[in-house]
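Data first, discussion second: the structure below is written as structure tokens.
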Amino acid sequence: MPEHLPLFYVFNFYLFGLVAIVSALLFVTRKSPVTAALWLVNTMFSLAALYVMLDAQFIGAMQVLVYAGAIMVVFLFVIMLLNLGHPSELADARGRGWQMAAALVGLALLAEIFALSRAQSPESLELPAGYAAREIMATGAITPVAGPLFNEYLLAFEVTSILLLAAVVGAVVLGKRRSGDAR
Amino acid sequence: MNFNLAIPTQLTIALGPDLLLMFGAMVLLLFAAWRPESARHQRSVGVWSLVLTVLTLNATIWYLYRGNTAGPGPIAVDNFRWMADIIILLGAGCTIALSIDDNERKGIHAGESHVLVLLAASGMMLLVAARDMMIVFLGIEVMSISIYCLAGINRRSARGAEGALKYFLLGAFSTAFLLYGIALVYGATGATNLSVIGERIVSLHMLKSPILLIGMALMLVGFGFKVSTVPFHMWAPDVYDGSPSPITGFMAATVKAAAFVAFLRIWLEAFPAAAPSWHLAVAGLAAATMVIGNAIGLAQRNVKRMLAYSSIGHAGYLLVAIAASSELGASAMLFYLLAYSLATFAAFGIITVLEGETDKPLTLDDFAGLWTVRPWLAVGMTVAMLSLMGFPIFGGAGFMAKWYVLQAALQAPLPQVKLAVVLVLTTVISAGYYLYMVMVMFMRPRGEGIAAPRATPPLTRVVIVGAIALVIYLGVNPNWTTRAALAGTPVLSRAPLPVVAYPTGVPAGR
């Protein structure tokens, strides 16, 4: 962390960073799926705060809306619908070997992050200093996302609504209970 | 008119038939939900869906004759697209017509099932129009999600539920492959537009780039799943067997057609320069698919499973057209898809009639002695089988279709002699089950406990007779279709096209 950052910034970085790491650890160690999922929500919120500190406010907001909001709600719905909420009924099928393997993968990812943060990226990929901040001042954080979405990919954006419609219709047709159905 | 697709109005006009179908499907969805479910309402939703399909078909043919073109953009405006749309809409029409009767018999009162067919068809129309990976992906998803639901539409059938779940899980899995492939290709070239990818592969010297090669390989796997080529075909027999027969026909013919058209467009527009890298893979898939699909088909007694393996074999023949990677290959593929769709719908129409009240799968025993009880059904099934096999004259368009694919393989820039040999040999293998079916219908006595088939419902009869008539007509007079298909193959020039090497009329021996 460079020296010239204000104390407030540094404090928040460590605060949210620690919260994210601790929540993530709790997420993988809790036995109850619901508790684990709620810790994951906590991780997502902290990551969103870190995104905002990186001047990526839009991604931060999306992180909260999409991950902490929509995806986690789906997780919890599935857990509750399938009635998986009781830790006693969940035999931990993963043996020691799998746990070791998961730990190794995690360590490998950590090593990769360290290696990447030290590596010199090629000149052509480096942005000039302060470029992102100036761009955000000039155009706002959302324009670079909204521009392509509503110009170049407008058709794809509109077709997505058809996709969702098809999924909703299909789910209702299959899920609706009818007289004379089996079960 | 030459559309400028950057202007939303012109993009909208260029999407005319697609939008008509989508809008109509939404109106019909409201109509379906408006009244309580009943057999009568199911039928009226179905009939209006048929009307909508015919309207869209007319619009498509009108667009075909206008000869519009378009500049660069997310969708293509060419005859290749309109011809593929015609195949898709014919397939959707046949499916809806067969489903109306089939749903009524099985007591499925959900009128929304027809709307799902329409939504699937609109996804396919987008897919065959797509010139942008994003649209390709969305088209595939709109199509697939509707089809997953249709596969399980009969809630009373345990086999249906099994097939639908299998299809859904494996389909989602294959979509992940496809999407990962698209992402890697985007990573390599920085573009999602097919023609831009094609240009950048050359201008950025990406031919040997591992990212591009892995991306292409993953996309090949994704499409391989969708069109059920051999190492990725395991789902097809179970899913085809479990789904209601009209939907099986839709999956075997129309879904395959749409996926193949997009497959060909991507491979010829985005990756033509990389042909040396993918050619061997596609040719290998084609050979394996033809041999294994047809060989396992020989061992089937369950008729729907037999047709599933036959459709896997046909995926192999169609891959030969892609391996040819030429204009001729593209037009041969369109004609093949048309002939194959018609024959498949005729066969599945007859299967729908013969299916009993129970969930029991239809076996060859149910076809034994069909000639003695329902001679016209036996004749229709014979034409469908001969057409799928590619038998001259009596098989109608099936023979011409195989002939064109053979021609395309032999006249390709890189002649595919080995693939052509495999194609002919596996056609001989396939005769083992197609002709056996014919033999069973005409020469075996009717089994003791097997009831006579019920009367053919009127709409089903229209589909069977129409499909058979078209198959035979196209066998005698294939020129209109081939000319229209040739005039609009993607990529390449708009130069006057070679006259297809075979004369009209009665073909001589092979």
Side-chain angles (χ1 to χ4, degrees), chain A residues 59 62 66-67 70-71 74-75 77-78 81-84 93 105 109 112 116 119 121-127 131 135 143-183, chain B residues 5-6 8 11-12 14-15 18-19 21-22 25-26 29 32-33 37 73-75 107-113 115-116 118-120 122-123 126-127 129-130 132-158 161 164 168 192-193:
Chain A
I59 297 181
M62 281 295 116
V66 175
Y67 283 94
I71 291 185
V74 172
F75 267 26
F77 261 130
V78 170
L81 278 180
L82 300 182
N83 216 357
L84 299 174
V105 172
L109 284 175
E112 198 180 345
L116 279 177
S121 48
E123 196 81 352
S124 56
L125 292 181
E126 289 280 348
L127 290 175
Y131 177 82
E135 281 293 294
T143 317
V145 179
L149 188 59
F150 295 111
N151 289 315
E152 199 182 344
Y153 294 113
L154 176 67
L155 179 60
F157 178 76
E158 298 287 356
V159 171
T160 314
S161 58
I162 304 283
L163 175 61
L164 293 177
L165 177 74
V168 169
V169 172
V172 170
V173 168
L174 287 186
K176 199 162 145 195
R177 193 165 289 184
R178 302 198 160 78
S179 54
D181 275 357
R183 108 172 56 173
Chain B
L5 298 179
L11 180 63
T12 312
L15 278 170
D18 310 57
L19 291 177
L21 188 63
M22 285 174 193
M26 286 177 210
L29 182 63
E37 288 180 352
I75 57 161
I108 301 171
H109 295 327
E112 290 88 352
S113 67
V115 178
L116 280 173
L118 295 176
L119 283 174
S122 56
L126 272 173
L127 178 60
D132 191 296
M133 294 291 194
M134 305 278 259
I135 310 290
V136 169
F137 172 71
L138 287 167
I140 282 201
E141 279 305 279
V142 173
M143 164 179 99
S144 304
I145 287 189
S146 316
I147 302 284
Y148 301 147
C149 302
L150 285 170
I153 198 83
N154 187 1
R155 295 264 308 271
R156 292 183 192 84
S157 159
F168 172 62
T192 54
N193 192 292

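Lettering follows sequence order; numbering is per chain, from 1.
- Contacts between B:Asp18 and chain A at a heavy-atom distance below 4.5 Å are absent for every atom of the residue.
- Neither the backbone nor the side chain of B:Leu5 comes within less than 4.5 Å of any heavy atom in chain A.
- Using a 4.5 Å heavy-atom cutoff, the side chains of B:Tyr148 and A:Leu174 are not in contact.
- Side-chain contact check for A:Val66 versus A:Ile71: some heavy-atom pair is nearer than 4.5 Å.
- Between the side chain of A:Thr160 and the backbone N or O of A:Ala156 there is at least one donor-acceptor pair closer than 3.5 Å.
- In this structure, CD1 on B:Ile145 lies 12.5 Å from CD1 on A:Ile162, to the nearest 0.5 angstrom.
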Side chain to side chain contact (heavy atoms under 4.5 Å, CB included) evaluation trace for B:Met22 with A:Leu165: CA-CA 11 Å; B:Met22 285 174 193; A:Leu165 177 74; over 6 Å; no
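- Contacts of B:Met26 with chain A are made by side-chain atoms alone, with heavy-atom separations under 4.5 Å and no backbone atom involved.
- Interface remark: of the candidates B:Leu29, B:Leu119, B:Leu138, B:Leu138 forms the most heavy-atom pairs closer than 4.5 Å to chain A.
- The greatest number of non-hydrogen atom pairs below 4.5 Å with chain B, out of A:Leu164, A:Leu154, A:Val169, is found for A:Val169.
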